[in-house]
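Here is the structure we will look at, set down as structure tokens.
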Amino acid sequence: MSIRTKLLTVAVALLLAGHASASERLTLRIGDQKGNMRAQLEAADALRDLPYDIRWAEFPAAAPLAEALNAGAIDAGIIGDAPLLFVLASGAPVKAIAVDKSDPYGTALLVRPEAPLRSAAELKGKRIATGRGSIGHHLALKALAQAGLTEKDVEFRFLGPVDAKIALANGSVDAWSTWEPYTALAELSGQGRVLVNGRGLSTGNSFLAATDKALEEPGRRAALQDYLNRLAAAQVWANQHLDTYSKTLAAIIGFPVEAARLQFERRQLRWQVIDTQTVTEQQDTADFYHTHGLMTERLDVAPTFATGFTLPAAAKLAAQP
């Protein structure tokens with residue numbers, strides 16, 4: 001640990017101690033999706049000696065997590081780039097504080113293994129299941145556009161992951177546009193085949209987003225910085241200890257270990273501070289939604305990012321190619 005990181009940790013502890021002495025021990029309310037962050041932190045033993053408490057809330061997808069953020073029911077949560085835009089477009093007091101970059105292969109359009117479909121162009125007239133405003137929805141629209149089609153050429157069925165999986169299996173829909181770990185599970189269980197993967201179509205960006213209220217409270221903001229430091233370090237550890245991490249993740253999300261490992265290993269996740277490229281990518285996604293009529297007004301994404309958050313050196317080194 002560098003001197004700078006040690007000093008930052010001490011400063012955070014002192015600020016949190018000051019908050020605790022002024023009132024009760026701080027509780028950070030964190031929204032997670034399918035055990036993503038929690039599994040990494042627990043597997044890496046990164047929650048030791050917390051100067052605050054964490055109250056976890058797990059969500060099956062981004063939409064309900066976004067609603068919880070908007071309602072102030074949680075202080076922060078992990079959310080994909082596309083669903084975060086809908087939260088912001090609704091006027092929710094939320095900002096992104098860091099970005100988790102990944103290989104977007106697993107954000108994919110799935111079909112049944114025996115389906116004759118071989119390209120996005122063949123989806124014309126077909127039924128696609130996905131979550132409204134999800135990264136799956138975004139991927140499907142991008143794949144259609146690349147094939148010269150629009151949303152008017154298909155029938156969208158907006159379903160949660162569990163219902164969408166069932167709909168694909170029983171033939172109620174022809175394709176399911178989803179994300180990890182559902183893609184890995186469908187592939188390994190023989191229930192789905194990747195028709196179109198997200199490379200070149202999806203940014204692969206997810207964000208740790210926090211409410212303005214949490215960011216405005218010095219003690220809570222300090223807790224979020226400490227949480228981000230632990231999370232980034234835990235992710236580096238998880239990439240270095242895939243077997244151990246996969247077992248912990250599988251136990252939390254109720255997926256087979258093989259699926260838990262596959263989805264994590266191929267995503268190559270790495271936390272980064274918000275940079276110009278990330279803001280540009282988010283603006284491009286917002287403009288795409290506006291062009292396709294999913295947002296009534298153009299959204300300027302620049303004000304939707306919080307500044308001042310840092311990452312430990314280990315995570316920065318792991319992010320370098």
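By convention here, the first residue in the shown sequence is residue 1.
Between the side chain of Ser134 and the main chain of Thr130, no donor-acceptor pair closer than 3.5 Å is present. Side-chain N or O atoms of Ser177 include none that pairs as donor or acceptor with a backbone N or O of Leu109 at under 3.5 Å. Side-chain atoms of Glu187 never come within 3.5 Å of backbone atoms of Val194 as a donor-acceptor pair (strictly under, hydrogens ignored). Remark: the backbone N or O of Asp81 is paired with a side-chain donor or acceptor of Gln282 at under 3.5 angstrom. A donor-acceptor pair is defined here as one N or O able to donate and one able to accept, closer than 3.5 Å; such a pair exists between the side chain of Arg29 and the backbone of Gly72. Without hydrogens or angle criteria, Thr278 side chain to Ile274 main chain gives no donor-acceptor distance under 3.5 Å. Using modelled atom types, one side-chain atom of Glu180 and one backbone atom of Ala184 make a donor-acceptor pair closer than 3.5 Å. At distances below 3.5 Å, at least one donor-acceptor pair connects side-chain atoms of Gln235 with backbone N or O atoms of Trp271. A donor-acceptor pair under 3.5 Å links the side-chain atoms of Arg230 to the main chain of Ala46, judged by distance alone. Checking side-chain atoms of Asp32 against main-chain N and O of Met37 turns up a donor-acceptor pair under 3.5 Å.
At least one side-chain heavy atom of Asn205 sits under 4.5 Å from a side-chain heavy atom of Phe207. In this structure, the side chains of Thr248 and Gln40 stay at 4.5 Å or more apart for every pair of heavy atoms. Side-chain contact check for Leu50 versus Asp226: some heavy-atom pair is nearer than 4.5 Å.
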| task | Determine, stepwise, if the pair Arg221 / Glu217 fulfils salt bridge (charged side-chain N to carboxylate O under 4.0 Å, His left out). | result | CA-CA 6 Å; Arg221 185 184 178 100; Glu217 295 180 20; over 6 Å; no
| task | Start with the C-alpha distance between Tyr227 and Tyr52, add both sets of side-chain angles, then the distance that settles ring-ring contact (aromatic ring centres under 6.0 Å, His included), and finish with yes or no. | result | CA-CA 10 Å; Tyr227 175 82; Tyr52 50 88; 7.6 Å; no
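Distance check: Glu114 CD to Leu117 CG gives 10.5 Å after rounding to the nearest 0.5 Å. Here the straight-line distance linking atom CG of Leu201 with atom NE2 of His138 works out to 8.5 Å at 0.5 Å rounding. From Tyr182, atom OH reaches atom CZ of Phe255 across 5.5 Å, with rounding to the nearest 0.5 Å. Distance check, rounded to the nearest 0.5 Å: OG1 of Thr178 to CG of Leu139 gives 9.5 Å.
The pair Arg118-Glu122 does not count as a salt bridge, with every side-chain nitrogen at least 4.0 angstrom from each carboxylate oxygen. We find that Asp243 and Lys247 are not joined by a salt bridge, their nearest charged nitrogen and carboxylate oxygen being 4.0 Å or further apart.
No more than 12 heavy atoms of other residues, nucleotides or ligands sit less than 6.0 Å from atom CZ of Arg55. Other residues, nucleotides and ligands contribute only 12 or fewer heavy atoms inside 6.0 Å of the CD atom of Gln146. The environment of NZ in Lys101 is crowded: more than 12 heavy-atom neighbours from other residues, nucleotides or ligands sit within 6.0 Å.
Just one of Arg157, Lys126, Arg127 meets the side chain to side chain donor-acceptor pair (under 3.5 Å) condition when paired with Asp174; it is Arg127. The only option from Arg267, Arg270, Arg199 that meets the salt bridge (Lys or Arg N to Asp or Glu O under 4.0 Å) definition with Asp103 turns out to be Arg199.
Leu195 and Leu262 end up in different hydrophobic clusters when Ile, Leu, Val, Met, Phe, Trp and Tyr side chains are linked at under 4.5 Å.
A cation-pi arrangement is absent between Lys95 and Phe305, since the terminal nitrogen or guanidinium carbon is not both under 6.0 Å from the aromatic centre and inside a 45° cone about the axis.
Counted by atom type alone, Asp75 and Thr211 present zero donor-acceptor pairs between their side chains at under 3.5 Å.
Nearest heavy-atom pair, Ser202 versus Pro104, reported as atom, atom and distance to 0.1 Å: O-CG, 3.4 Å.
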